[in-house]
Amino acid sequence: MIDKTYQPSEVEGRIYAAWEGSGAFRAGRPERRDAEPFCIVIPPPNVTGSLHVGHALDNTLQDILVRYQRMRGKDVLWQPGTDHAGIATQMVVERQLMERQQPGRREMGREAFLKRVWEWKEESGGTIIHQLKRLGASCDWSRERFTMDEGLSRAVIKVFVELYRAGLIYKDKRLVNWDPKLLTGISDLEVEQVEKKGHLWHLKYPIEGIENEYIIVATTRPETMLGDTAVAVHPGNERLKHLIGRKAVLPLVGRRIPIIGDDYADPEKGTGAVKITPAHDFNDFEVGKRHKLPLVNIFTPEAKLNLAGNAEFMAGVSPSDELDATLALHGKDRFAARKQIIDRLEAAGLMDKIEPYTHTVPHGDRSGVVIEPFLTDQWYVDANTLAQPAIAAVREGRTEFVPKNWEKTFFEWMENIQPWCISRQLWWGHQIPAWYGPGGKVFVAETEAAAKAEAKTHYGKEIALTRDEDVLDTWFSSGLWPFSTLGWPDDTPELKRYYPTSVLVTGFDIIFFWVARMMMMGLHFMQEVPFRTVFLHGLVSDERGQKMSKSKGNTIDPLELIDQFGADALRFTLAAMTSQARRDVKLSAKLVEGYRNFGTKLWNAARFAEMNGCVRVAGFDPTRTTETLNRWIVHETAKANREVTEALEGYRFNDAASATYRFVWNVFCDWYVEFSKPLLTGADGTAKDETRATAAWALDQILKLLHPFMPFLTEELWQVTAEQGPKRDTLLITAPWPQENFEDAAAEAEIGWAIDLITAIRSVRAEMNIPPATKIPLVLAGVSAQTKARAGRWAEFLQRLARVPDISFADTAPAGSVQLVVRGEVAALPLKDVIDLNAERTRLDKELAKADADIKRVDVKLSNERFVANAPEEIIEGEKEKRQEAEGRRAKILEALERLKGAA
RNA sequence: GGGCGCUUAGCUCAGCGGGAGAGCGUUCCCUUCACACGGGAGAGGUCAUAGGUUCAAUCCCUAUAGCGCCCACCA
């Protein structure tokens, strides 16, 4: 028995357990050994994270594809797992330590701290997996992986060593984006440019040897002047080029710095002269290299001034009171120092002017603090070399982006890709497999023993090595995800069977972070693309289109929506919102509620079927039904099946969702269920039996089509309806996807006529305020023999749905009746008592005007010689048919108006 | 500076070369035996603006305006 109402909370857990218990999620099941493989690797969520709406969207779409392909009979692997999320996780644990007033990580030491992080991972690592299950995700959990588990770590080490040996990973000392809060270098992608209102300070540097002459430089970062080692002027700058070769005296320091000629100095920008701080600016670093300028690093890693005892800073500087005052700034934070430096420059009359200035300032995406270009040793990947095969693969269509326009974004970035800084000064992550011997000689090897052996060969004796302390960027390991999870570097059967994976589903925001890196790594190590298709969906935002963020307080918790409306309702909403044209998916509880109602509608339709004895019949063949109504629903089912299938094949999730919605609600519930009532309660045993069987069959088809979107409710109905009729040989999750292809134009025409007639009569009833209970007669005037026959067959149905108990025929409409034109024929409602002749005339005049307009629009086209000459034949034919239809309609309306005159 | 996208019914959005669509909201009617998380009937749009291409433009092209995102850079 189907319960009166569907209770998601009571059903979902039980159904999920049934799926897991059946082994349906597992890849490589024996019975599908010969089936085509279909594989998706999950974008691994942060292991200690929890499910937000973005995950809900991403995983709903993946689950829809996975369930669809599973029902199509494929051997499906949805590979799950989690990411160690280096910086994010380490920050969480450090924050915990702070909140609990426990010793910080540096006091604890590396080993104890890592133990602590692993404990936190064990404690919270199951959360998001559990939440994905609540969403209904049908991953093969037996294959769950973690980026820092033994196998994946082995893959990371091997990749690092091989890329190093191939010269594609190298260590370099250069400026890096340095996060002074997290005390680590980060990659370009982890830097966010934030627009800030600030100032442009114009500083006057005295020229050595010329009294009262200055060169003025403009800067947004006055404190870096302490690290200036030159002033640059464009060699073609007529106004300033005479100063090239002279020296400026750096205020507050006294260092003599050369005025150099360099194209970098744009005469149009700023003052035309630019201060050069090679240790603290990427462009200046390049200028410094060209002119062999010294680097003066004035900061500590925390971005505090480092002056006293700083040999670089002190080089070439003579003692003075001014210098002493500057040295007093030692240890000050960069922003505090800025203020004091400005004050002192102003006091010394060396501040030419201060302008308000809006510019973008780089911030660390995790820490939120201003990034400092900082000179350090870091490991880099030669991304440019690895990018070339990835670019080629997309150009050649071996991997295809959906929607396709994202390929352009991919190319833009890949073609201008910069070396990828992969080392992080953190502890949580894959420690870099590099060991150092005396003199900094580096040995990169898969194990310490191997490194030692290399060192022994090199030094000719056993030697102690120290390991590089840094770990790798999290994205380095996630870049290997499509093959590391399948067992690489071992030569596993899974790699052979499921690589390349079928499709990757992810948000467009991580094309660079993740998609591009997987393409590079996959092509390099597997000699093959990691996925055939990349489906990129939008980002979830709130109702107003604002990005959801904790700080804005506008987040929607998907678990709350699941609690409130059920997982199916949330899933259907997310699918319905995913169109390829949009970049944001605006989610609101109201929408989810609406699709919860849709689920309830189907639930009640199933209850209706059950109450009316619609039990499945073994060996039922939908193509052999004889009742027009049943042939019609078979026809409509096939149509819906085709629509949903085509939409899913094209990743048009919204189209797939709306096709199922329309079919279930507006076709099956609105019309089939209503039309079936007379048959199900009637006396004709044969017709009744066929209708029962067809209804049960159609409901089964609905459950199948809807299952990828609403897996819980459909599986529950599949189970309950299994209580009667033939035994089901499978759960719905592994039931075959509908294949029917049954067209029946005759049934469509007949039911279509009935629907149109009923709709027209209802419309008149509403307009004329005829109470629903009032029964009125129907006269079909001058209709064809076919229509007469139809009317005979559908009398009972029309009576029920349009409340017309008496159906008769006449040559012309009786006087004083409302005359409707339905599919070219007149249906008259004799309503002498209620009819308002004037209102009726107005109504008919309106219809006449519409018919005239339709005819005129077509005539304009058809009378246009160039249209007739150029338009395709079928379009012209279509126009002619339209005209004929409108002409027929017009004639009937004119006749109706004539009769109305007669009545008056 | 470079790139991408958006502007369609009150709201949120589909559609995209040949008859303007959905959901929500709204108006009117209905406690009809699956469902009020429901049923029935309506109202509501010069598809941002201006040009162009075409027999035909909401849809293609160009420009303009407004909104948004990404990348780069800023002395």
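Reminder, nothing fancy here: chain letters follow the sequence lines and each chain counts from 1.
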inquiry  = Applying the salt bridge (charged side-chain N to carboxylate O under 4.0 Å, His left out) criterion to A/D854, which one of A/R889, A/R883, A/R890, A/K882 satisfies it?
reply    = A/R889
inquiry  = When the C1' atoms of B/rU62 and B/rA57 are compared, how many Å lie between them, rounded to an integer?
reply    = 15 Å
remark   = Picking from B/rA34, B/rC71, B/rA75, the nucleotide nearest the side-chain atoms of A/K677 would be B/rA34
inquiry  = The criterion is ring pair (Phe, Tyr, Trp, His ring centres under 6.0 Å); which residues satisfy it with A/F535, sequence neighbours excluded?
reply    = A/Y651, A/F653
task = Using heavy atoms to find the nearest nucleotide of RNA chain B for A/A605 and A/V274 separately, return the residue whose nucleotide is more 5′.
result = A/A605
remark   = Among B/rC70, B/rC55, B/rA34, the one nearest any side-chain atom of A/K601 is B/rA34
inquiry  = Does A/D266 reach a base, just sugar-phosphate, or nothing at all? Heavy atoms under 4.0 Å.
reply    = base
key: Pairs meeting criterion side chain to side chain donor-acceptor pair (under 3.5 Å) with involvement of residues 605-615 of chain A, two or more places apart   = A/N604-A/R607
Protein-nucleotides 1-5 of chain B N/O pairs closer than 3.5 Å?
from: B/rC4; atom 1: OP1; to: A/K408; atom 2: NZ; distance (Å): 3.4
from: B/rC4; atom 1: O2'; to: A/R583; atom 2: NH2; distance (Å): 2.2

task = Step through it carefully: locate the ring centre of A/W406, locate the ring centre of A/F401, and say whether they are under 6.0 Å apart.
result = no
request  = For A/R762, report the nucleic acid contact type (base, sugar-phosphate, nothing); a contact means any heavy atom under 4.0 Å.
outcome  = sugar-phosphate
remark   = Under a 4.0 Å heavy-atom cutoff, the residues of residues 754-761 of chain A touching RNA chain B are A/T759
inquiry  = If we count only N and O atoms by modelled type, under 3.5 Å, do the side chains of A/K861 and A/S863 hold a donor and an acceptor together?
reply    = no
ask   = When every nucleotide of nucleotides 17-29 of chain B is labelled 5' to 3' by its protein contacts under 4.0 Å (heavy atoms), B for base, S for sugar-phosphate only, - for none, what sequence of letters results?
value = -BB----SS----
note = Picking from B/rC13, B/rA75, B/rC70, the nucleotide nearest the side-chain atoms of A/K586 would be B/rC13
task = Take atom NZ of A/K197 as the centre, draw a 6.0 Å sphere, and report whether it contains more than 12 heavy atoms from other residues, nucleotides or ligands.
result = no
key: Dot-bracket summary - RNA chain B, pairs being Watson-Crick or G-U whose distances fall under 3.5 Å, with | when paired to another strand   = ((((((((.[[[[.)..(..]]]].(((((.......))))).....[[[[[..)....]]]]])))))))....
Show every donor-acceptor pair shorter than 3.5 Å between a side-chain atom in residues 765-773 of chain A and any protein atom, with sequence neighbours excluded, or say none if there are none.
from: A/R765; atom 1: NH1; to: A/T774; atom 2: O; distance (Å): 3.2
from: A/R765; atom 1: NH1; to: A/A802; atom 2: O; distance (Å): 3.1
from: A/R765; atom 1: NH1; to: A/R803; atom 2: O; distance (Å): 3.2
from: A/R765; atom 1: NH2; to: A/P771; atom 2: O; distance (Å): 2.9
from: A/R765; atom 1: NH2; to: A/P772; atom 2: O; distance (Å): 3.4
from: A/R765; atom 1: NH2; to: A/T774; atom 2: O; distance (Å): 2.3

request  = Select base, sugar-phosphate, or nothing to describe what A/L200 touches, counting heavy atoms under 4.0 Å on all strands.
outcome  = sugar-phosphate
ask   = For A/Q580, which contact category applies under a 4.0 Å heavy-atom criterion: base, sugar-phosphate, or nothing?
value = nothing
ask   = Pairs in or reaching into residues 411-421 of chain A: which pass side chain to side chain donor-acceptor pair (under 3.5 Å), with residues at least two apart or in two chains?
value = A/R395-A/E415, A/W420-A/D473
query = Is A/V673 touching bases, backbone alone, or none of the nucleic acid, heavy atoms closer than 4.0 Å?
reply = base
Residue list, side chain to side chain donor-acceptor pair (under 3.5 Å) with A/H359, at least two apart or on another chain = none
inquiry  = Heavy atoms within less than 4.0 Å of RNA chain B: which residues of residues 218-230 of chain A have one? Give them sorted by number.
reply    = A/A218, A/T219, A/T220
inquiry  = The criterion is side chain to side chain donor-acceptor pair (under 3.5 Å); which residues satisfy it with A/S187, sequence neighbours excluded?
reply    = A/E190
query = Base, sugar-phosphate, or nothing for A/S763, non-hydrogen atoms under 4.0 angstrom?
reply = sugar-phosphate
key: With sequence neighbours excluded, residues passing side chain to side chain donor-acceptor pair (under 3.5 Å) with A/H202   = A/E355
query = With a non-hydrogen cut-off below 4.0 angstrom, is A/Y264 in contact with a base, only sugar-phosphate, or nothing?
reply = base
